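Dropping a structure here in structure tokens format, bear with me for questions.
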Amino acid sequence: MVRIGGQPLGFDECGIVAQISQPLADSDISAYYISTFSFDHALVPEEDIVSVTDMLQHQRKEPATS
């Protein structure tokens with residue numbers, strides 16, 4: 001399980017699931033996304049956890065494009 005964001009995401013946040021799911025889908029990694037009031041989480045296969053966290057850390061450092 002990967003926690004998305006270091007703090008609760010606001011209701012005005014848009015495209016969070018797409019930003020996370022697209023790179024995973026491109027890498028053929030399945031994910032189950034759970035969104036709660038306080039936090040969001042992505043469940044990914046255990047054997048892919050290192051590549052998923054690396055991918056998300058790299059994506060986090062890139063500037064957002066619109």
Side-chain angles (χ1 to χ4, degrees):
M1 177 172 51
V2 179
R3 179 181 281 178
I4 309 303
Q7 58 193 13
L9 302 173
F11 290 116
D12 58 342
E13 300 281 343
C14 295
I16 300 295
V17 175
Q19 291 173 18
I20 292 162
S21 63
Q22 189 60 55
L24 296 177
D26 292 345
S27 297
D28 201 29
I29 298 173
S30 61
Y32 184 77
Y33 198 84
I34 301 169
S35 183
T36 69
F37 181 76
S38 298
F39 292 101
D40 291 10
H41 299 87
L43 301 178
V44 297
E46 186 174 4
E47 61 269 12
D48 294 323
I49 193 71
V50 172
S51 60
V52 168
T53 54
D54 288 346
M55 181 184 317
L56 293 175
Q57 287 291 336
H58 181 328
Q59 182 180 358
R60 185 173 143 188
K61 293 176 185 176
E62 291 180 359
T65 58
S66 43

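No experiment lies behind these values; they were computed from the predicted model shown. Just so you know, these numbers use all the heavy atoms, side chains as well, and skip hydrogens, waters and symmetry mates.
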Q. Would Val50 end up clustered with Val52 when hydrophobic side chains under 4.5 Å apart are linked, directly or stepwise?
A.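 Yes, Val50 and Val52 fall within the same hydrophobic cluster.
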
Q: Please report the shortest heavy-atom distance between Ile29 and Met55, naming the atom on each side.
A: CD1-CE, 4.2 Å

Q) Honestly curious: do Ile20 and Ile49 fall in one hydrophobic cluster under the side-chain, below-4.5 Å linking rule? A) yes

Q: Could you state whether Tyr32 and Val2 fall into the same hydrophobic cluster, counting links through intermediate Ile, Leu, Val, Met, Phe, Trp or Tyr residues with side-chain heavy atoms under 4.5 angstrom apart?
A: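 Looking at the clustering, Val2 is in a separate group from Tyr32.
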
Q: List in chain and number order the residues that pass side chain to side chain contact (heavy atoms under 4.5 Å, CB included) with Ser30, two or more places apart in sequence or in another chain; answer none if no residue qualifies.
A: Pro45

(Q) What's the separation between atom CD1 in Ile34 and atom CZ in Arg3, rounded to the nearest 0.5 Å? (A) 12.0 Å

Q: Locate the shortest heavy-atom distance separating Ala31 from Leu24; write the atom from each residue and the value.
A: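 Of all heavy-atom pairs spanning Ala31 and Leu24, the closest is CB-CD1, 3.7 Å.
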
Q: State, to 0.1 Å, how close Asp40 and Ser35 come at their nearest heavy-atom pair, and which atoms those are.
A: OD1-OG, 3.1 Å

Q.
I need the full list of side chain to side chain donor-acceptor pair (under 3.5 Å) pairs touching residues 45-56, with sequence neighbours left out, sorted by first then second residue.
A.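 Every candidate side chain to side chain donor-acceptor pair (under 3.5 Å) pair involving residues 45-56 fails, so no pair, neighbours aside, qualifies.
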
